[in-house]
Amino acid sequence: MTAAPSARWKEVARAAGLMRGGVLASTVFAEMSALAARTGALNLGQGFPDTDGPASVVEAAAAALRAGHNQYPPGPGIPALREAVAAHQERRYGLRLDPEREVLVTAGATEALAAAVLALTGPGDEVLTLEPFYDAYAAVIAMAGARHTTAPLVPGPDGFRLDLDALAAAFTSRTRLVLLNTPHNPTGAVLTRAELAAVADLAQRHDALVVTDEVYEHLVLEPGAVHVPMATLPGMAGRTLTISSSGKTLSLTGWKIGWVSGPAALVDAVRTVKQYLTYVSGAPFQPAVAFALTDPGVAAWVADLAASLARRRDVLVEGLTAAGLAPVRPEGTYFVLADPAPLGVRDGVALCRALPGLAGVVGVPVTAFTREGSATDTALRAWVRFTFVKRDEVLAEAVRRLAGLDRARAASLAA
Ligand SMILES: *Cc1c(COP(=O)(O)O)cnc(C)c1O
């Protein structure tokens, strides 16, 4: 007997881009992180902060540990956190939620996404996402047995923008769910009200639900860009589940405290699935995140984080430009996408494997976020994602190394 994944899991792995030549490969993220570790290159691939979250929030978790918050919390999450999420949504966006029935605490946004897709879709349904997309989306859509369809974000002078004609064409009578993400990983786009209105109009006309991943809601970096939750658009609160998380907002990505909010019937369905995925998690972290969502000092810390990320983005965008790449200035998130076409490079995977040798840095090929063979996959074949959620001195060193990028060797990479 050989240890082999089931046919169903192979299908999931294939949809998630994990099967290469019929065998299960490690993710490109793991490959690039291992490459960074092996070569001593600076890892601008995976997006996690290299500094800690607010000390007061860490202290609140330590206090909760000592105070005995160490057993299973309630299934839907502790009341204080559900109330803090509801208060946050009302204060910030004018969205009224019943913390008893319309808010559910999850093991990070990741579990909320998985449970929502599993609860709301199945074989015969189509789930429409933007493309490129966060890599977990393809996997959970495949786990649900649904079909993944996409609408492209296209680079231009105003950043990555949603192709509205392609969006309309991507909707069918089988579109059950639109899985949206703004601010958007990996492009850094913050969807405009007009883009969201186009999605909302189509979702209503096709009677589709919307699940919106807003984990970067507080990390908008452009004065002109505003985060607009889909649930605030006319007619959308009744068909939208909103997902967020403490990981990106508080630079505490290891805590995995997320939440989902929306109509009670939809939240109920998600809770039923979540019950049998993790049941509950993060007992001592839940009171700490409840504190974080209500404390004005933490809100100021988050605003400072966004301002600091905007500066760090500018440093990396300039460094990439000086190295001969063509970055698209992101409006939010941790990430910038860059086109190496000016260097004559046409294959992002080959470039990423060579980057430690060429410049002593590591990025992730954008094809890790596309569907093999799609129009976006072709258009962004050469592109690379870099993160700027690193300390100033790390970014300064990355920029110094990028300035020495070996252009002749880059140009000679096999196309
Ligand atoms: C990081 C990230 C997540 C995962 O959030 P967790 O709370 O760590 O599970 C989900 N969606 C996007 C777009 C992300 O970048």
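Below, each value reflects all heavy atoms present in this structure, side chains not excepted, and no hydrogens, waters or symmetry copies. Ligands are counted one by one from 1 in listed order, and the atoms in each one are counted from 1 as well. Bear in mind that the values here come from a model prediction, so they are computed numbers and not experimental data.
The cationic atom of Lys390 (NZ for Lys, CZ for Arg) lies less than 6.0 Å from the six-membered ring centre of Phe48 and within 45° of the ring axis. The cationic atom of Arg385 (NZ for Lys, CZ for Arg) lies less than 6.0 Å from the six-membered ring centre of Phe335 and within 45° of the ring axis.
Ser244 pairs with exactly one of Glu217, Glu214, Gln89, His88 by the side-chain hydrogen bond (donor to acceptor under 3.5 Å, both in side chains) rule, that one being Glu217. With Glu126 as the fixed residue, the salt bridge (charged side-chain N to carboxylate O under 4.0 Å, His left out) test singles out one of Arg176, Arg174, Arg147: Arg147.
You'll find the ring centres of Tyr134 and Phe29 outside the 6.0 Å limit.
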Practice problem: Carefully, step by step, assess Arg329 and Arg313 under the rule side chain to side chain contact (heavy atoms under 4.5 Å, CB included). | Solution: CA-CA 8 Å; Arg329 189 181 160 83; Arg313 172 212 43 198; 3.0 Å; yes

Hey, what polar pairs (N/O, under 3.5 Å) does ligand 1 make with protein?
| residue | atom | partner | partner atom | Å |
| --- | --- | --- | --- | --- |
| ligand 1 | 7 (O) | Ala109 | N | 2.8 |
| ligand 1 | 7 (O) | Ser245 | OG | 2.6 |
| ligand 1 | 8 (O) | Lys256 | NZ | 3.2 |
| ligand 1 | 9 (O) | Ala109 | N | 3.1 |
| ligand 1 | 9 (O) | Thr110 | N | 2.9 |
| ligand 1 | 9 (O) | Thr110 | OG1 | 2.6 |
| ligand 1 | 9 (O) | Lys256 | NZ | 2.7 |
| ligand 1 | 11 (N) | Asp213 | OD2 | 2.6 |
| ligand 1 | 15 (O) | Asn185 | ND2 | 3.0 |
| ligand 1 | 15 (O) | Tyr216 | OH | 2.7 |
| ligand 1 | 15 (O) | Lys248 | NZ | 3.0 |

